[in-house]
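Presented below is the structure to which this report refers.
Just so you know, these numbers use all the heavy atoms, side chains as well, and skip hydrogens, waters and symmetry mates. Protein chains get the first letters and strands the later ones, always in sequence-line order, with residue 1 at the start of each.
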There are 2 protein chains.
Amino acid sequence: MTSTKKTFTYEYPRPAVTVDCVIFGFGNGELKVLLTKRGIEPFLGQWAFPGGFILEQETADECARRKLAEEAGLEDIYLEQLYTFSDVDRDPRFRVISIAYYALVKSTDYLIEAGLDIEEVKWFSLGEATALAFDHDQILSVAIERLKGKIRYQPVGFELLPEQFKLPELHKLYETILHRAIDRGNFRKKILSMGLLVDHSEKQPDRHSRAAKIYSFDRDKYESLKESGFYFEL
Amino acid sequence: MTSTKKTFTYEYPRPAVTVDCVIFGFGNGELKVLLTKRGIEPFLGQWAFPGGFILEQETADECARRKLAEEAGLEDIYLEQLYTFSDVDRDPRFRVISIAYYALVKSTDYLIEAGLDIEEVKWFSLGEATALAFDHDQILSVAIERLKGKIRYQPVGFELLPEQFKLPELHKLYETILHRAIDRGNFRKKILSMGLLVDHSEKQPDRHSRAAKIYSFDRDKYESLKESGFYFEL
DNA sequence: CCAAAAGTGTTCACTCTACACCCATGC
DNA sequence: GCATGGGTGTAGAGTGAACACTTTTGG
C-alpha cells in the first residue's frame, strides 16, 4: 500500500471544553455533594456542580482547582479526574465536552461563599441532589460509583474526615458509602492491624457514652508501605 | 450577597479535541500494543496510537470506535475510556486535549491494514514502545497501570484471549500483566471455584505434553452473579 | 524411559465472620 | 441501675500459600 502523504490542514470544528467538579463531603452520618445554583443561562436557577470553561493556558487539573476556589472557596483538597462526558447534546447552546472531576472535602462545615455567576452554594444529601442542570445527574451517579469502588482499595475515606477522627466515625463513613452494615469489631481489627492509624490518646469527654479514642491517618507510612508492595484493602 | 446576573456570552478560546486509543493484545506470552506510523505532520514517521479529531456529531466513544475501524480495521472489541490528557503543550501545533481510551483485542493475529494518513500498523511489545509521538509515552504508562489494576478485580483478562482458551494461557496472561509468578495450582483452584468457566472438553492434541482442557468465560453468568453482589477478584 | 507440561491433593497458617462480653459515661 | 455506645475476645469456618504428587504425551 502506498501511503497518501499530504500537508496537514485543520478542518474540524472545535467543541467547547469545560471542567465540572463533584464535591463530596460527609456530615451528620450522610454523604453529601456540594451544588451551586446557577446565576446565568442556561439552566438559570437550577443546581449544578461547580465548573466552567477551560482557559487556553491551563490544564484540566488547574482548571478544576481554580473553579473549586472561585465558586466554592475550597483549596488544597483531594481531587481526581473522574470521566469525560461528550454527549453531543449535553449542552443546549452548542457542543460542550466536560471533563468531570471529583473532590473530597474533610468537613461539610467549610465556610462556603457563592462566587462568580453563582447565586448560592449548598450541601445536598444524595437523595436531594436530583434534577440537576445539564447531564449532571449522570455525572453524579458515575462519581458515586467511583467513590464506592475506590474506598475499598484506596485510603480515600480519610479525605472525608477531619485530620483527627474517632474510629466509630470512620466505621459509619464506610457503612454509609458502601451502603451495608459492617461488623464493628471486625472493622476495627482490620483497620488497626494495618498499623496506619496513629493514636492521639488525649481523650476528649463525650456526651452520652464512653469517650472514643482519637486517631489520625499516617499518610507517610502508607506511602512507604505502598512502595514495598502493600495494598490497602477494606 | 446580591448575585450579579448577566447575559451569557462565550468568550473562551476553544481547544481542539482528539481521541487516542491504546490497544492491548496478548501474543507469544507477551503483552503488546498496536501502534501506527504517522503519515502526516507533526511527528511524521513516528509511532503513535490510533486516534484523531472528534467530529461535531459524534461522542468520544463513537470517535474511538470509528478510529479503531479506520486506522486499524478493528471492530466489536472491548473499549473503555482511560483518562483525558490536557497538558497545554502536548501538541506542537496548537492546544489539543486528548480523551484517551484503551481497548483489548482477543488476538494479535488480527488482519491489520494501514488506514487513512497511516503508513504502517504494527504490534509492539511494551519494551519496544518508546519514544512515541506527542505525550503517548505517558498515555501508555497510565494505560498499563489501569490494566494492571483492572485485571485484579474485573474479568477483563478474557478480552485478551480467544473465546476458547486453555487455563495455562490464562495463567500466563495474569503472570505477564501482574508481572509476578502465580502458583499454578492455586490460580486454577481460585478461578475454577468461581464457576464462571465452561469446560469444552473436546481435547485438542498438543505438542510436547499432556493436552490442556479448553474453557470459555461465561459472561452471562458473570453478569447475573454481579447483580447479586458477587465480586470477581484475582 | 524420560522430560515437559497439565492437573490434583494436602498441609499449615492465617484471616474473616459472627457473636458475646466487658467498660465507661450520663441520666 | 440501666441504657447507650466504645472497645475486646474467641471459636469455627473459610481462604491462601507452598509444595508435592500424579497423569498424559512426544521423543
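Centroid-to-centroid, the aromatic rings of B/Y153 and B/F232 stay 6.0 Å apart or farther. When ring centroids are compared, B/Y174 and B/F187 come within the 6.0 Å threshold.
Within the 4.0 Å cut-off from OP1 or OP2 of D/dT8, at least one side-chain nitrogen or oxygen of A/R188 is found.
Counting distance only, with no hydrogens placed and no angle test, the side-chain atoms of A/R184 and the base atoms of D/dG7 include a donor-acceptor pair under 3.5 Å.
Note that A/K122 lies in the cation-pi zone of A/F124, set by a 6.0 Å cut-off to the ring centre and a 45° limit from the axis.
For B/R38 and B/E120, the salt-bridge test fails: no basic side-chain N is under 4.0 Å from an acidic carboxylate O. Between B/K67 and B/E70 there is a salt bridge, with a side-chain nitrogen of the basic residue lying less than 4.0 Å from a carboxylate oxygen of the acidic one.
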Take B/F24 and B/V105, measure what side chain to side chain contact (heavy atoms under 4.5 Å, CB included) needs, and give me the verdict at the end.
CA-CA 6 Å; B/F24 288 111; B/V105 166; over 6 Å; no
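Atoms CD (A/E233) and C1' (C/dC16) sit 13 Å apart, rounded to a whole Å. For the pair B/L197 CG and C/dG7 P, the interatomic distance rounds to 12 Å; values are reported in whole Å. With rounding to whole Å, A/M194 atom CE is found 13 Å from C/dT15 atom C1'. Atom C1' of nucleotide D/dT23 and atom NZ of B/K213 are separated by 12 Å, given to the nearest angstrom. For the pair B/F187 CZ and C/dA5 C1', the interatomic distance rounds to 16 Å; values are reported in whole Å. A straight line from CD1 of A/I182 to P of C/dA18 spans 12 Å, rounded to a whole angstrom. For the pair A/L192 CG and C/dC16 P, the interatomic distance rounds to 13 Å; values are reported in whole Å. Atom-to-atom, CD1 of A/I214 to C1' of D/dG6 comes out at 13 Å; the value is rounded to the nearest Å.
Of the inter-residue distances, the one linking A/L68 atom CG with A/C21 atom SG reads 4.0 Å to the nearest 0.5 angstrom.
Residues forming a salt bridge (Lys or Arg N to Asp or Glu O under 4.0 Å) with B/D218 (at least two apart in sequence, or on another chain): none.
Non-hydrogen atoms lying under 4.0 Å from DNA chain D are contributed by nothing in residues 170-180 of chain A.
Taking five base pairs at each end of the helix from C/dC1-D/dG27 to C/dC27-D/dG1, the local helix axes there meet at an angle of 10°, rounded to 10°.
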Taking distance alone, no hydrogens or angles, what donor-acceptor pairs closer than 3.5 Å link side-chain atoms of residues 140-151 of chain A to residues at least two apart or in another chain?
from	atom 1	to	atom 2	distance (Å)
A/S141	OG	A/Q138	O	3.1
A/R146	NH1	A/Q81	O	3.4
A/R146	NH2	A/L82	O	2.5
A/K150	NZ	A/E80	OE2	3.1

Which donor-acceptor pairs under 3.5 Å do side chains of residues 188-198 of chain B form with protein atoms, sequence neighbours excluded?
from	atom 1	to	atom 2	distance (Å)
B/K190	NZ	B/E233	O	3.3
B/S193	OG	B/K189	O	3.3
B/S193	OG	B/K190	O	2.7

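Heavy-atom nearest nucleotides on DNA chain C were determined for B/L167 and for A/K190, and the one closer to the 5' end corresponds to B/L167.
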Under a 4.0 Å heavy-atom criterion, the protein footprint on nucleotides 9-14 of chain D, written with B, S and -, is BB----
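When only modelled atom types and interatomic distance are considered, A/D87 and B/T59 share no side-chain donor-acceptor pair under 3.5 Å.
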